[in-house]
Amino acid sequence: MSDYPRQLDITPIGRFDHTVDLPGSKSLTNRALLLAALSDGPCYLTNTLFADDTERMLEALDALGFKIEIQRGHNAVLVEGHAGVIPATRATLNLGNAGTAVRFLTAALTLGKGTYTVDGIERMRQRPIAQLVAPLRELGATINHTHSDGYPPLEIHANGLEGGELRLAPTLSSQYITALLQIGVYARKGLNLRLDGPITSRPYVAMTLGLLEHFEVPVEASDDLSSIDITPEWIRGNDLAIEPDASSASYFWAAAAITPGSSCTVNGLGTNSIQGDARFASVLEKIGARVVIRADHTTVSAPADGKLHGIDIDLNDMPDAAMTLAAIAPLLDGTTTIRNVGNWRVKETDRMAAMQTELNKTGAQATINGDDITIHPLPDGRLRPATIDTYDDHRMAMTFTVLGLAKQGVTINDPACVAKTLPDFFERIETLRTQASPAH
Ligand SMILES: O=C(O)C1=C[C@@H](OP(=O)(O)O)[C@@H](O)[C@H](O)C1
Ligand SMILES: C=C(OP(=O)(O)O)C(=O)O
């Protein structure tokens with residue numbers, strides 16, 4: 001599907017009014033696939049995402065002996081649950097650069113009986129995992145680092161998990177917490193998790209709790225999520241229709257906000273969404289876009305006077321959509337400061353450095369202060385023609401493409417990296433273009 005050249009020139013787009021149906025959320029798909037495999041019955045998952053990150057999870061479940069019927073034509077997957085049992089006793093999993101797959105499977109494999117290796121591409125070997133390995137060891141798991149302490153690859157010598165009380169200080173990634181929550185029900189003593197201090201990327205933990213509820217896992221959580229108790233029981237096999245991916249939606253909403261006279265509706269994401277990134281529409285509203293959020297869709301339109309203004313905002317709750325704001329910040333009136341996004345440094349690339357370097361190429365000055373990034377508008381509104389390096393990071397490619405829809409002069413290097421979560425991203429942008437009025 002995505003035979004892209006090494007470089008893509010992005011040209012500005014004219015006014016458009018468009019409604020998009022997006023593939024399923026990466027975060028929900030990888031959670032649902034694992035929970036379904038661990039459940040006690042068949043689960044029919046619809047609107048599943050088929051992209052690199054979810055393919056890695058599907059391949060891994062297959063290698064582990066789970067019965068999975070992939071129905072690509074229907075965007076669906078039928079998973080036969082094994083009620084907490086890992087069928088294979090040996091497996092070596094290469095999970096690419098899929099953070100969710102690495103973290104979720106590392107925890108899940110401790111439930112097995114056998115020896116498993118979890119690994120990924122070179123970048124994955126630089127993404128820390130000590131804050132998941134240490135608590136799993138505390139809960140009774142035997143896990144060895146085979147290369148570098150605190151990083152994949154990992155060798156898991158599994159014989160079920162004891163479970164019990166666990167106290168965690170703030171983590172670099174919420175995925176460690178999600179990984180623990182998804183298996184707590186099959187630990188012999190369950191899981192009594194106490195989270196001290198602020199929860200990084202917190203809406204993703206809330207999303208996990210929402211899914212556990214869907215699969216009827218007995219969970220009791222305090223309102224502030226500082227205390228989460230899971231009793232030993234089962235994950236029930238239930239069907240699930242996966243919400244469209246809200247991080248992907250951020251590109252289409254942002255494109256509408258920055259293109260005078262334009263409007264974009266994303267179906268299936270509204271007030272009922274359990275994805276934190278669905279709230280990105282409200283961030284666009286704060287900078288001046290017109291936003292209508294209904295139960296099952298959200299429409300973002302450019303402001304009547306075309307003027308969007310800079311903002312000072314903490315986006316720890318939406319680290320992925322935060323990149324979309326960073327990439328359109330050069331177009332805003334006044335400076336933009338995005339706070340508390342320090343864990344950008346341990347994602348697909350060091351996103352803090354990558355964002356700063358690539359924004360600076362366009363003439364928009366970006367400065368980093370601790371875990372905050374400040375971005376200044378383009379001088380005189382002029383973008384300096386820039387070839388954007390994407391660092392094998394899908395969001396670098398997609399966010400800078402959005403900037404290129406507003407200003408002439410953006411070229412994207414190695415665009416094929418979008419395959420991680422939205423393989424047909426550029427085709428979708430072309431669809432927007434064919435429906436748009438000619439650009440001025
Ligand atoms: O749980 C998840 O599905 C995710 C959590 C976030 O990571 P962190 O918790 O590491 O910020 C996010 O960036 C990632 O794309 C998906
Ligand atoms: C950070 C991301 O992915 P992950 O951590 O799941 O690899 C992302 O998709 O932006």
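In each ligand, atom 1 is the first atom listed, and ligand 1 is the first ligand listed.
- Between Asn97 and ligand 2, a contact under 3.5 Å exists for at least one N or O pair.
- The closest protein non-hydrogen atom to atom 6 (O) of ligand 2 is Lys26 NZ, 2.9 Å.
- Every atom of ligand 2 with a heavy atom of Lys420 under 4.0 Å away is listed here by number and element: 3 (O), 4 (P), 7 (O).
- Each of the atoms 8 (P), 9 (O), 11 (O) of ligand 1 lies under 4.0 Å from some heavy atom of Ser201.
- Note: Phe252 CZ to Thr19 OG1 = 12.5 Å, rounded to the nearest 0.5 Å.
- Distances from ligand 1 to the non-hydrogen atoms of Asn343 include at least one value under 4.0 Å.
- Of the listed residues (Lys26, His394, Glu427, Arg428), just one forms a side chain to side chain contact (heavy atoms under 4.5 Å, CB included) with Leu422, and that residue is Arg428.
- The protein non-hydrogen atom at the shortest distance from atom 5 (O) of ligand 2 is Arg127 NH2, 2.7 Å.
- The only option from Asp314, Thr200, Asp317 that meets the side chain to side chain donor-acceptor pair (under 3.5 Å) definition with Asn340 turns out to be Asp314.
- Counting protein heavy atoms only, atom 3 (O) of ligand 1 is closest to Ser27 OG, 2.6 Å.
- Asp196 has a carboxylate O that lies under 4.0 Å from a charged side-chain N of Arg167, or vice versa, which qualifies the two as a salt bridge.
- Only the side chain of Asp320 comes within 4.0 Å of ligand 2, judged by heavy-atom distances.
- Heavy-atom contacts of Lys347 reach the following atoms of ligand 2: 1 (C) (cutoff under 4.0 Å).
- The distance criterion of under 3.5 Å between nitrogen or oxygen atoms is met by Gln175 with respect to ligand 1.
- Between Trp344, Tyr204, Phe104, Tyr176, it is Tyr204 that holds the heavy atom closest to atom 4 (C) of ligand 1.
- Every atom of ligand 1 with a heavy atom of Pro319 under 4.0 Å away is listed here by number and element: 11 (O), 13 (O).
- Remark: ligand 2 atoms within the under-4.0 Å shell around heavy atoms of Arg395 are 8 (C), 9 (O), 10 (O).
- Proximity of Ile86 to Leu109: side-chain heavy atoms (C-beta onward) are separated by under 4.5 Å at one or more points.
- Numbered from 1 in the order shown, with element, the atoms of ligand 1 that lie under 4.0 Å from a heavy atom of Thr100 read 2 (C), 3 (O).
- Residue contacts with ligand 1: Lys347 is placed with a nitrogen or oxygen under 3.5 Å of a nitrogen or oxygen of the ligand (distance criterion only).
- Closest to atom 12 (C) of ligand 1 by heavy atom, among Thr178, Asp320, Thr421, is Asp320.
- Within 6.0 Å of atom CD in Glu213, 12 or fewer heavy atoms from other residues, nucleotides or ligands are found, so the atom counts as exposed in its surroundings.
- Using a 4.5 Å cut-off on side-chain heavy atoms (C-beta onward), Glu69 and Gln71 make contact.
- Taking the centre and axis of the six-membered ring of Tyr151, the NZ or CZ atom of Arg127 falls outside the cone set by 45° and 6.0 Å.
- A heavy-atom distance below 4.5 Å is not found between the side chains of Leu78 and Lys67.
- Which parts of ligand 2 touch His394 is read off a 4.0 Å heavy-atom cut-off, strictly below it: atoms 8 (C), 9 (O), 10 (O).
- Ion pair Arg339/Asp312 flagged as a salt bridge, since at least one NZ, NE, NH1 or NH2 atom sits closer than 4.0 Å to an Asp/Glu carboxylate oxygen.
- Residue, atom and distance of the protein heavy atom nearest to atom 2 (C) of ligand 2 are Glu348 OE2, 2.9 Å.
- A side-chain donor-acceptor contact under 3.5 Å links Arg395 and Tyr251.
- Under 4.0 angstrom from ligand 2, the non-hydrogen atoms of Arg351 all belong to its side chain.
- A salt bridge does not link Asp393 to Lys420: none of the charged side-chain nitrogens sits closer than 4.0 Å to a carboxylate oxygen.
- Tested against Asn30, the residues Asp53, Thr100, Thr48 include a single side chain to side chain donor-acceptor pair (under 3.5 Å) partner, Thr100.
- A donor and an acceptor atom, one from each side chain of Thr337 and Asp372, are nowhere located under 3.5 Å apart.
- Note: an N/O pair closer than 3.5 Å links Arg31 and ligand 1 by distance alone.
- Backbone and side-chain nitrogen or oxygen atoms of Gly99 are examined, and one is located within less than 3.5 angstrom of a nitrogen or oxygen of ligand 2.
- One finds a salt bridge joining Arg72 and Glu55 here, because a Lys/Arg side-chain nitrogen approaches an Asp/Glu carboxylate oxygen to under 4.0 Å.
- For ligand 1, the atoms lying closer than 4.0 Å to a non-hydrogen atom of Ser173 are 8 (P), 9 (O), 10 (O).
- A distance below 6.0 Å separates the ring centres of Phe66 and His82.
- Residue Gln175 places at least one N or O, backbone or side chain, under 3.5 Å from an N or O of ligand 2.
- Listed by number with element, the atoms of ligand 2 under 4.0 Å from a non-hydrogen atom of Thr100 are 6 (O).
- On a distance-only criterion, Arg103 and ligand 1 share no N/O pair closer than 3.5 Å.
- For atom 9 (O) of ligand 1, the closest non-hydrogen atom of the protein is Ser174 OG, 2.5 Å.
- With a 4.0 Å cut-off on non-hydrogen atoms, Met207 does not touch ligand 1 at all.
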